[in-house]
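Here the structure is a predicted model, which means the values were calculated and not measured.
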Amino acid sequence: MRPFRFGVNMVALSAPGEWSAAARRVEELGYDVLLIPDHLGLPAPFPALVAAGAATGLRLGTFVLNAAFYNPVLLAREVATTDVLTAGRLELGVGTGYVAEEFAAAGIALGTARERVDTLERVIDAVYGALGDPASVPQPVQRPVPLVVGCNGNRMITLAARRANIAAFAGATSDPANPTNLRLLSGAAFAERIAFFEKVAGDRAGEVERNLLVQDVTVTDDREAALAAWAPRLPYLSAEEIPTVPTLLAGTVDEIADQVRGLRERFGISYFTVLQPALEAFAPVIAALRRN
């Protein structure tokens, strides 16, 4: 089994000194990777990553870029420059984007899900083509810059299985009634997604690192009560399914550590990303996992 890695998706950008202090706190707490999402209204990923890289020795990543927002040739320049300025610590996470309001605000057609995946594939091809061109300036430090593909549906999982260094499983699917909302997968549904990944990855299945985006971390002596509090927000799951949801971590520190170990053993997930609100709560779990 791969060793654990832990990342945090940072969504709040404060004053310059405070941002550097926040990045250092991520490092102090034992995280391996500082990540920035790509949504309008949140910080621009690459400048924020360069600043965090100057303050820490963390690995750094986009989690994940909306491919439709970028000219791939210009994106390749951003990637190469960021990799150079962070001494080869960048992980390039990419996805299709899904928030209709953000596409409208940017003046970009949302298109169908198929069209967005087509765009993503073209962007990956063009970016890595440019990064691999020996005549391009600047040259990235890493060869290649690790590619992270956010995935859940069949086509995205297939793309991640065949092209990515890291498959970032959402552990959720879009709500048919409102695609901006996510429906968390039960353990059984997530197991089916992992099985599909392993089928299409074939010989690559063991080469691709597997990431899971954790939606909530609740450290408590009463795991049942913590999960019951989620029930009103998960009407599509039964009472028996809610405790199996891989993206909800709840219980004592030791119970959550056991849950994380179980996810690695059952699904091969070794790289866990939490959201910034869980930054402090999850840190003792990291410490417990590193002790054992």
For residues [X] and [Y], report the shortest heavy-atom separation together with the two atoms involved.
X	Y	result
T86	V50	CG2-CA, 4.2 Å
I36	P45	CG2-CA, 3.7 Å
E280	P284	O-CD, 3.3 Å
T62	L49	CG2-CD1, 3.9 Å
W19	A12	CZ3-O, 3.4 Å
L120	G95	CD1-O, 3.8 Å

Listed once per pair and sorted, the ring pair (Phe, Tyr, Trp, His ring centres under 6.0 Å) pairs that draw on residues 238-275, sequence neighbours left out: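 As it turns out, the ring pair (Phe, Tyr, Trp, His ring centres under 6.0 Å) pairs with a partner in residues 238-275, which skip direct neighbours, are F190-F267.
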
More than 12 heavy atoms from other groups under 6.0 Å of CD on E224: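 Open.
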
R77 atom CZ: more than 12 heavy-atom contacts under 6.0 Å: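 It does not: R77 CZ has 12 such atoms or fewer within range.
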
Answer yes or no: is there a donor N or O on one side and an acceptor on the other, between the side chain of [X] and the main chain of [Y], under 3.5 Å?
X	Y	result
D38	N66	yes
E255	T252	yes
Q215	L248	no
R116	G97	yes
D175	R183	no
R264	R2	yes
T56	A23	no
E241	S238	yes
S136	A130	yes
T244	G187	yes

With rounding to the nearest 0.5 Å, note down the distance linking [atom1] in [X] to [atom2] in [Y].
X	Y	atom1	atom2	answer
Y31	M10	OH	CE	9.5 Å
S186	E192	OG	CD	10.0 Å
I256	I286	CD1	CD1	11.5 Å
F197	N154	CZ	CG	13.5 Å
L182	S174	CG	OG	6.0 Å

For [X] and [Y], test the side chains for any donor-to-acceptor distance below 3.5 angstrom and give the result as yes or no.
X	Y	result
Y128	D133	no
D83	T81	no
R233	N181	no

Cluster question for you: counting only ILVMFWY and a side-chain heavy-atom cut-off of under 4.5 Å, with indirect links fine, are [X] and [Y] together?
X	Y	answer
L212	F196	yes
I269	V285	yes
L213	L249	no
L58	V33	no
Y98	V149	no

Would you mind reporting whether [Y] and [X] have side-chain heavy atoms less than 4.5 Å apart?
X	Y	answer
V219	V253	yes
F69	V123	no
N165	E209	no
H39	L42	yes
V214	F282	no
T273	L35	yes
L131	P144	no
L185	T247	no

For E78, salt bridge (Lys or Arg N to Asp or Glu O under 4.0 Å) partners two or more places apart: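 Scan of E78 (salt bridge (Lys or Arg N to Asp or Glu O under 4.0 Å), adjacent residues dropped) gives none.
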
Partners meeting salt bridge (Lys or Arg N to Asp or Glu O under 4.0 Å) with D32 (sequence neighbours left out):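 With sequence neighbours excluded, D32 shows a salt bridge (Lys or Arg N to Asp or Glu O under 4.0 Å) to R290, given in chain and number order.
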
Set of side chain to side chain contact (heavy atoms under 4.5 Å, CB included) partners for A283, sequence neighbours left out: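 In terms of side chain to side chain contact (heavy atoms under 4.5 Å, CB included), with neighbours along the sequence ignored, A283 is linked to L29.
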
Qualifying residues under side chain to side chain contact (heavy atoms under 4.5 Å, CB included), relative to P243, sequence neighbours excluded: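 Residues passing side chain to side chain contact (heavy atoms under 4.5 Å, CB included) with P243: R223, L227.
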
Verdict with supporting geometry, E91 and V145, side chain to side chain contact (heavy atoms under 4.5 Å, CB included): CA-CA 6 Å; E91 296 175 2; V145 174; over 6 Å; no

Do [Y] and [X] meet the salt-bridge criterion of a basic N to acidic O distance under 4.0 Å?
X	Y	result
R210	E198	yes
E27	R24	no
R155	E121	yes

Verdict with reasoning, Q142 to L90, per side chain to side chain contact (heavy atoms under 4.5 Å, CB included): CA-CA 8 Å; Q142 299 177 98; L90 180 64; 4.2 Å; yes

Side chain to side chain donor-acceptor pair (under 3.5 Å) partners of R122, counting only residues at least two apart: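 Here the qualifying residues are T119.
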
Test log, rule side chain to side chain contact (heavy atoms under 4.5 Å, CB included), inputs N152 and F169: CA-CA 6 Å; N152 181 67; F169 291 93; over 6 Å; no

Stepwise side chain to side chain contact (heavy atoms under 4.5 Å, CB included) test for I166 and V208: CA-CA 5 Å; I166 303 165; V208 182; 5.6 Å; no

